[in-house]
Amino acid sequence: MNTNRLSKKLAAAMNAQMTKEAHASQIYLSYGAWAENNGFGGVANFLFRHAQEERNHMMKVLEYILKRGSEVQVIAIPAPMDNPVSIYNCFEKVFEHETDNTKAIYKLVKMSFDEEDWASWNFMQWFVNEQVEEETLAMNLLDKIKIGGGEKASSNVLYELDRDLENISGEVIAAQDVTTANP
Ligand code: FEO
């Protein structure tokens, strides 16, 4: 008896999304290391915590695939793209990356809808909301730097941003407090 509750197409797309979340985690990890190397410990702290969040997203998809009786395919994670060239560029890249992920999420939502797989459609709504939050966060950080001069932001502006991100733990859950069920 076939107990697989995901179509072949949806299972493949969910697996691809799982890898995409893992890729996102690697990107944040590499940007965090870049920030730390360049003396921005606060930015690094923020990016490392975000890397952990992305890993939790990956686990969330993995657990859903298993819960629906389908097969998980763990494959190689593509290497992160090039390091940023500045803090402004770093958050530009973060924002671009998040909007790209949103597109992938929307494709899964549409696929679930077209297949009338309401369980998957419902599952994906969590990611739709999460993407709004992540895009807003990236947008706000980008705005802050833009107001401070963008690429020409003074070292004072960057210092303050770095300090703010170091202390942002009250707003963004610390990685150690995040669970797969509550990413
Ligand atoms: Fe898992 Fe940044 O979305």
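All ligand and atom numbering here is 1-based and tracks the order in the structure. In what follows, residues are counted from 1 in the order of the sequence shown.
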Atom CZ of Arg5 with >12 non-hydrogen neighbours under 6.0 angstrom: no
task: Give, for atom CG of Leu142 and atom CD1 of Ile87, the distance between the pair rounded to the nearest 0.5 Å.
output: 12.0 Å
- prompt: Are Lys144 and Asp164 within salt-bridge range, i.e. N to O under 4.0 Å?
  reply: yes
field: Of the protein N/O/S atoms, how many lie under 2.8 Å from atom 1 (Fe) of ligand 1
entry: 3
- line: Taken in chain and number order and not counting sequence neighbours, the residues that satisfy ring-ring contact (aromatic ring centres under 6.0 Å, His included) with Phe40 are none
Minimum side-chain heavy-atom gap Trp126-Lys60 below 4.5 Å: yes
- prompt: Does one hydrophobic cluster hold both Phe113 and Phe123, with members joined at side-chain heavy-atom distances below 4.5 Å?
  reply: yes
